[in-house]
Amino acid sequence: MKQNERRNHASSTLLALSAAALAIPGIVSSVHAAAPAAEAELAYKASAYREADIDRSKLAAGSAARYDIDTHQLRFVSPLGRASDVAVDLSYETMSGASPWFIMPGSNGPVQVMSGASIEEERKDIQASVAHYFSTQSSAKVLLGFSTENDYRAVNVGLEASHEIPERELTLSAGFGYSDDEIEPTDPQMPDRIDSATRDSTTAYIGVAQVLSARTVVQGSISIVSNQGYLSDPYKKVWRDDLSDTVADSRPNERLQTVLGARLRHFVPNLNGALHLDYRFFDDDWDISSHTVNLAWYQNLPHDWQLTPSLRYYSQSQAYFYGPFFYSGRNDGYASSDYRLSPYGALSFRLRLERNWGQFSTNLEWESYRAAASLALDDVQLENPGLVEFDILSFGLQLHL
Amino acid sequence: MKLLLIVTALALLSACAVEPLQAWERGHLARPEMAWEPDSLRASQRDHVYFSKEASSGGASVGGGGCGCN
């Protein structure tokens with residue numbers, strides 16, 4: 001009898017320890033499915049995004065100055081009863097500057113015509129979610145979001161579920177999302193510009209996270225996204241040499257995307273740091289495929305400082321209807337000169353410094369991003385002159401309430 | 001073929017035989033810097049920027065909304 005009592009006591013102590021471990025932030029999101037937020041938390045981040053001026057040798061007309069975006073984000077997370085939690089994310093952005101309009105043939109290669117530097121926009125976004133934890137192994141989350149810009153509105157809903165199999169150190173997750181978007185371009189009186197249009201996207205994913213050891217965890221995922229509706233860009237045009245004029249950007253009304261993801265987290269006790277390695281393969285029926293690799297090292301330092309250098313590499317192939325400009329029309333009528341559909345590679349370097357002050361923590365982060373045809377995995381014949389370079393400086397504050 | 005590759009990769013991943021860890025062995029895994037996204041605000045801001053500037057997006061989440069077309 002006493003032996004049984006001792007065993008029961010040991011078992012309940014183990015459960016309490018497990019619950020305590022699960023309640024620690026981090027393990028909840030990376031390894032295990034089922035523990036609500038242990039305490040309320042408020043986080044704020046301010047970011048300044050600055051695009052570099054376009055090289056004047058690549059500029060045919062318009063403003064050389066490009067886009068600036070200032071972003072303010074607020075996140076609130078709180079326990080909701082004993083088995084649920086709620087999270088609300090608010091985002092406010094102001095955007096200004098010029099963006100690529102169309103590309104013309106030049107004597108030394110394609111040259112960019114930019115819009116005037118008159119774009120002034122703001123974007124507000126709210127995302128809310130409620131998660132319920134059915135047991136220490138299973139949870140489900142409902143998400144609802146709304147985003148609005150001067151010319152764009154989107155409503156999105158989502159459902160995510162997670163289930164842990166403790167004896168195999170395995171966590172299964174799945175999600176389903178739907179977004180309904182509406183666009184009403186500014187200046188609809190411009191030639192070829194639509195008055196309004198709609199599009200929607202449906203996302204489904206499954207993921208498997210596996211603890212490999214006391215220091216290593218990996219995750220694999222597959223995501224399918226189906227987009228339908230108006231997928232062109234109403235603000236972009238395409239140069240037709242046979243017409244000596246521009247025509248509207250025109251893309252298919254459907255796009256099916258497949259995304260494979262793999263992530264690894266590995267802690268190195270001797271160095272008191274953690275390695276993050278992420279890989280993503282993207283493929284769609286517009287013939288675009290891409291590879292993305294993220295590498296980060298979280299180095300813990302004395303006095304609760306943390307320094308995190310990271311590197312991101314990205315390379316994509318072009319859409320089948322992309323061209324910097326066209327000598328004649330395509331048979332299917334599609335055409336786009338958008339640099340985002342062109343073949344290129346991009347390299348991004350980030351440095352983050354964080355300090356934990358006990359009840360709150362602060363962080364400062366800088367990112368420098370450069371896209372170029374020479375960085376692509378495949379050879380590129382003509383570089384799109386609108387490829388972007390930018391820097392982002394962010395300051396963040398996290399408060400445990 | 002692609003689907004077969006995906007299913008095989010997931011099957012291999014899920015077939016990894018791992019001894020269950022004890023609660024006291026989870027200290028390293030529980031560290032904040034071992035989370036998939038240690039700073040969710042940074043992750044959402046960054047994802048939105050890349051979504052606006054590149055042809056690819058998506059991953060193990062259902063995402064949000066908004067255009068960011070320029």
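Throughout, protein chains are lettered first and strands after them, A, B, ... in sequence-line order, and every chain is numbered starting at 1.
- Between chain B and the options Gln316(A), Glu354(A), Arg263(A), Gln306(A), heavy-atom pairs under 4.5 Å are most frequent for Arg263(A).
- Counting heavy-atom pairs under 4.5 Å between each of Pro38(B), Gly27(B), Ser56(B), Ser57(B) and chain A puts Ser56(B) at the top.
- Ranked by heavy-atom pairs under 4.5 Å with chain B, the list Glu367(A), His276(A), Arg350(A) is led by Arg350(A).
- Chain B forms more heavy-atom pairs under 4.5 Å with one residue of Leu341(A), Val388(A), Ile392(A), Thr308(A) than with any other, namely Ile392(A).
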Worked check of salt bridge (Lys or Arg N to Asp or Glu O under 4.0 Å) between Lys53(B) and Glu51(A): CA-CA 11 Å; Lys53(B) 303 296 165 189; Glu51(A) 286 182 4; 2.9 Å; yes
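- A pairwise comparison of heavy atoms in Gln73(A) and Ser44(B) identifies NE2-OG, 3.1 Å as the closest pair.
- No side-chain heavy atom of Gln398(A) sits under 4.5 Å from any side-chain heavy atom of Asp39(B).
- Side-chain atoms of Glu169(A) come within 3.5 Å of backbone N or O of Leu21(B) as a donor-acceptor pair.
- Of the inter-residue distances, the one linking Glu33(B) atom CD with Asn272(A) atom CG reads 7.0 Å to the nearest 0.5 angstrom.
- Across all non-hydrogen atoms, the minimal contact from Phe282(A) to Ala55(B) is CZ-O, 3.8 Å.
- Classification of Glu37(B) and Arg75(A) as a salt-bridged pair fails, no side-chain N sitting under 4.0 Å from a carboxylate O.
- Using a 4.5 Å heavy-atom cutoff, the side chains of Trp36(B) and Val217(A) are in contact.
- Here the OG atom belonging to Ser394(A) is positioned 10.0 Å from the CZ atom belonging to Arg46(B), to the nearest 0.5 angstrom.
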Hey, mind stepping through Leu29(B) and Thr216(A) against side-chain contact (heavy atoms from CB on, under 4.5 Å) and telling me if it holds? CA-CA 7 Å; Leu29(B) 296 174; Thr216(A) 309; 6.0 Å; no
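- The main-chain N or O of Pro20(B) is never found under 3.5 Å from a side-chain atom of Glu167(A) such that the two would form a donor-acceptor pair.
- The shortest non-hydrogen separation linking Gln45(B) to Ser47(A) is NE2-CB, 3.6 Å.
- Annotation: side chain of Glu54(B) is not in contact with side chain of Tyr339(A) (no heavy-atom distance under 4.5 Å).
- Cation-pi check for Arg312(A) over Tyr50(B) is met; the charged atom lies under 6.0 angstrom from the ring centroid and within 45 degrees of its normal.
- One distance of note links CG of Leu41(B) with CG of Asn363(A); it measures 9.0 Å at 0.5 Å rounding.
- No donor-acceptor pair closer than 3.5 Å links the side chain of Arg26(B) to the backbone N or O of Ala214(A).
- The existence of a salt bridge linking Glu365(A) and Arg42(B) is confirmed by a sub-4.0 Å separation between a basic side-chain nitrogen and an acidic carboxylate oxygen.
- Between the Arg215(A) side chain and the His28(B) main chain, no donor and acceptor come within less than 3.5 Å of each other.
- A 4.5 Å side-chain heavy-atom check between Phe390(A) and Val49(B) finds at least one atom pair inside the cut-off.
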